[in-house]
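Quick notes on the structure that follows.
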Amino acid sequence: QQQVKQSPQSLIVQKGGISIINCAYENTAFDYFPWYQQFPGKGPALLIAIRPDVSEKKEGRFTISFNKSAKQFSLHIMDSQPGDSATYFCSPKGLNQGGKLIFGQGTELSVKP
Amino acid sequence: SQTIHQWPATLVQPVGSPLSLECTVEGTSNPNLYWYRQAAGRGLQLLFYSVGIGQISSEVPQNLSASRPQDRQFILSSKKLLLSDSGFYLCAWRVGGPYNEQFFGPGTRLTVL
């Protein structure tokens, strides 16, 4: 049962460009939408998260856009830098999940100088 | 502040040998604890999670087992390793509450030869 579908699997962007990663979900009970960032050889870490009471949240160069009707949320990285090269995971969550988290398949981003 | 430790950082084991990976958390009480495996540096596969001492939920049938002998200690074990057990093993914790982030450890790189 695939509750979360992340795309694309990999992404190559030139320095200064915009990186866009999408996460589609099925469970309408999800009400918390975080993105995690993982550098090679390290554990993932929370990057940015949004609640459904807003459609967009911006933190520096990172923005989450949320589309409730489409059951989709996206991560936008503006002015992408080589240091942003990492794997990104979405992990939507709802109250009915208890302690268990669900992660998307991951998107490997490579920003070329 | 909270910290999470995993050891060893890297491990090379022959097929058929036993395994014991340890994870400890400091600076928090009664955390939810998780073991993930990541193959080929991509998706996170949840193996086990625990909401309390002695309480283990298994997500994937396999030759691995987990135990939680103390509140902040989580151990991943195997009696006989398979080649397919190779991967990057991540321990994680979070405290209760539906919207709290999950914190990952530094990971253990396991190679089974």
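Labels below follow one simple rule: chain letters A, B, ... track the order of the sequence lines, proteins then strands, and each chain is numbered from 1.
Among the candidates B/Val25, B/Leu21, B/Thr24, B/Ile56, the single residue satisfying the side-chain contact (heavy atoms from CB on, under 4.5 Å) test with B/Phe74 is B/Ile56.
Using a distance-only test at 3.5 Å, with no hydrogens or angles considered, a donor-acceptor pair links the side chain of A/Gln38 to the main chain of A/Lys42.
Of the two parts of A/Pro44, the backbone and the side chain both hold a non-hydrogen atom closer than 4.5 Å to a non-hydrogen atom of chain B. Using a 4.5 Å cut-off between heavy atoms, B/Phe103 does not touch chain A at all.
The most heavy-atom pairs under 4.5 Å with chain B, out of A/Pro40, A/Gly41, A/Pro34, come from A/Gly41.
For B/Phe104 and B/Tyr36, the ring centers sit closer than 6.0 Å to each other.
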query = Would A/Asp31 and A/Lys93 count as a salt bridge (charged side-chain N to carboxylate O under 4.0 Å, His left out) if you check the C-alpha gap in whole Å, the side-chain angles of each, and the deciding distance to 0.1 Å?
reply = CA-CA 6 Å; A/Asp31 59 355; A/Lys93 191 179 185 306; over 6 Å; no

